Amino acid sequence: MNKKRFSINLIGQILAFVLTIGVSFFISPYIIRTLGDEAYGFVNLINNFVSYLSIVTVALNGLCGRYITIAMHRNNEQEANEYFSSVFGANLLLAVSSLAIVIFLSAHITDFLDVPESLVVDVQFTTILAFGNFAVSLLGVVYGLSTFVKNKLYISALQNIIGKLIYTVIIAIAFLCFRPRMWFITMAAFGSTVFSLLSGVVITHKLTPNLKLSRLDFKTNKIFEIAKAGIWMTVESLNKLFQTGLDLLITNVFVGAGPMGILSIAKTVPNMLTTLNSTIAGVYSPNYAELYAQEKKGELIANIKGSIKFLSFFMAVPLMGFLVFGSEFYSLWIPGKSKEEISFIQALSILTVIPLLLNSFVEGMYYINVLTNKIKTSVLVTTGFSVLSILTMIILLSVTNGYDLYIVAGVSSFYMAIRIVIFTPMYCAYILKIPKFTFYPEIIRMGISTIIVFILFMAIHNVSIYNTWLKLCTVCVCAGILGYFVEFLIALNKKERTKVIMKIREGLKNNGQKNRMD
């Protein structure tokens, strides 16, 4: 692995994520206070509708990056261009088709959703803009691949940073200068996506000038080739939808619009942490693709083991910190809520975070299924868990009272946790044709270190006071430093610790020499 490039990509992705967190940190509470729980819940619900529609495109777009990247690494530019042009053409047709869906959905929104009369028009506008955003993002799919092909993800991170700044500026102007509307949020997202498309075109021409759109390179057989291989990814996306994406819709239908808003708030921070986890894991994917294309199996396996340690090492501290200090965070973040509401929101958040914690151990393995184009078995197993999750949720909601949101948040998390711990590591080993328990020593070691970090944080929590942001941030920063130190001692073996220390010393030495020269 090119460690310098990996570090640059990682730093870029983290900076982009931090900006996203910062924007959400300040904007979300204001939106909640201004629009109310119900309106905030509808924005997230409509975005979920878009994700439902995007499942149709997964078979094509989920694997196009694999085909283009491997063709480019094998110096087959003609084939890469055929995939490039064919996928763009197919996405253009899908984008146009989505217009018919948005017209129908916005016109009949009250027929299948519990929408307060005062919010109907806003929900309709929000729906139109959300689907418009989806259509533009489809056109930008192939123009987002050049940074992956060239393993320069820091450039895409810069795109995300600028896009998020555009989003923030539009939100600020709209909410400060006009009467607050929920569709301002999707309007801002639309503006950010347009920028991503235009900048993606420029970046593609700069990084991969040989990748070009051509009507002559549009091949329907290339579309069917990718779609046939990616059909199982579509089913996998449905599984993820059944396990996590339907919770707001089920809550709206079975419980009501108000509780849906509460659940939406509870999922805000976990969703951010999910994005962080997948963002960091994505930094490994270009190197996986290059090693696979060059048939370097040993290095590929070593990289997967490294991803287990790095991802869990990086994610354990923020995840455990949220589990322990979450109630104090919510009390300061949304001060209008009562103590009972804060406790309820935190409990729902914890149920959502637990599978995310386990997923941090295996996130780096998922791309191996795509890379080797062996998704079928994984999808069939996940389908079983998805069906069980939905059936269990509906049955429990029908026969119990008073625990509706706990059921919605907890059932999907329960089945996800089982799948993540038992199936994912073994299947990754299976498709790589190595012993099935190959990845468990690293997983167990990281699990032990995470539990110790949790105990440490609980001890700190019980002797600290957090009635202001300054006090909470100070305690969390100190706890985070101690947590990473514990992880360093326990999660890494002696050789790995020595290697890290040597790298730090080398960096300090080089920096000192540079300063003396200056």
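Since the structure is predicted, the reported quantities are computational estimates derived from the model, not experimental observations.
- The two residues F361 and I308 make their nearest non-hydrogen contact at O-CG1, 3.4 Å.
- At a threshold of 4.5 Å between non-hydrogen side-chain atoms, the residues I420 and F385 do not count as touching.
- Among all heavy-atom pairs drawn from G200 and Q159, the shortest one is N-NE2, 3.5 Å.
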With side-chain contact (heavy atoms from CB on, under 4.5 Å) as the criterion, how do I354 and F414 come out once you've worked through the C-alpha distance, each side chain's angles and the decisive distance to 0.1 Å? CA-CA 9 Å; I354 290 174; F414 172 75; over 6 Å; no
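- The aromatic rings of F325 and H461 sit tilted relative to each other, their planes meeting at an angle between 30° and 60°.
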Check against side chain to side chain donor-acceptor pair (under 3.5 Å), T392 and Y415: CA-CA 10 Å; T392 303; Y415 285 112; 3.0 Å; yes
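- The minimum heavy-atom distance linking A429 with P435 is given by the pair CB-O, 3.3 Å.
- Ring-centre distance between F313 and Y484: below the 6.0 Å cut-off.
- Contact annotation: the side chain of K305 approaches that of I301 to within less than 4.5 Å [non-hydrogen atoms, C-beta and beyond].
- Residues G483 and F457 approach most closely at CA-CE1, 4.1 Å, considering heavy atoms.
- For the pair L348 and F344, the minimum side-chain heavy-atom distance is below 4.5 Å.
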Please assess C476 against F329 for the test side-chain contact (heavy atoms from CB on, under 4.5 Å), listing each intermediate value before the final yes or no. CA-CA 10 Å; C476 287; F329 167 79; over 6 Å; no
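- Between Y167 and S192, the shortest heavy-atom distance links the atoms CB-CB, 4.3 Å.
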Decide side-chain contact (heavy atoms from CB on, under 4.5 Å) for M446 and L311; before the verdict, give the C-alpha distance in whole Å, the side-chain angles of both, and the deciding distance to 0.1 Å. CA-CA 10 Å; M446 299 311 296; L311 282 168; over 6 Å; no
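- For the pair K433/K297, a side-chain contact is recorded, criterion being any heavy-atom separation below 4.5 Å from C-beta on.
- Between Y427 and the choices N369, I368, V362, the side chain to side chain contact (heavy atoms under 4.5 Å, CB included) rule is met once, by N369.
- Looking at heavy atoms from C-beta onward, M315 lies out of side-chain contact with L357 at the 4.5 angstrom threshold.
- For the pair G65 and L145, the tightest heavy-atom approach, listed with the atom from each and the gap, is CA-CD2, 3.8 Å.
- Checking Y330 against E341 by side-chain atom types alone, no donor-acceptor pair falls below 3.5 Å.
- Side-chain contact between R66 and I226: absent, with no pair of heavy atoms (C-beta onward) separated by less than 4.5 Å.
- Proximity of L323 to M320: side-chain heavy atoms (C-beta onward) are separated by under 4.5 Å at one or more points.
- Side-chain atoms of L300 and L432, non-hydrogen and from C-beta on, do get closer than 4.5 Å to each other.
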One pair to check against side-chain contact (heavy atoms from CB on, under 4.5 Å): I460 and L482. What are the steps and the verdict? CA-CA 10 Å; I460 295 173; L482 287 173; 4.1 Å; yes
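- Using modelled atom types, one side-chain atom of S413 and one backbone atom of L351 make a donor-acceptor pair closer than 3.5 Å.
- Q346 contributes a side-chain N or O that, together with a main-chain N or O of F322, makes up a donor-acceptor pair within less than 3.5 Å.
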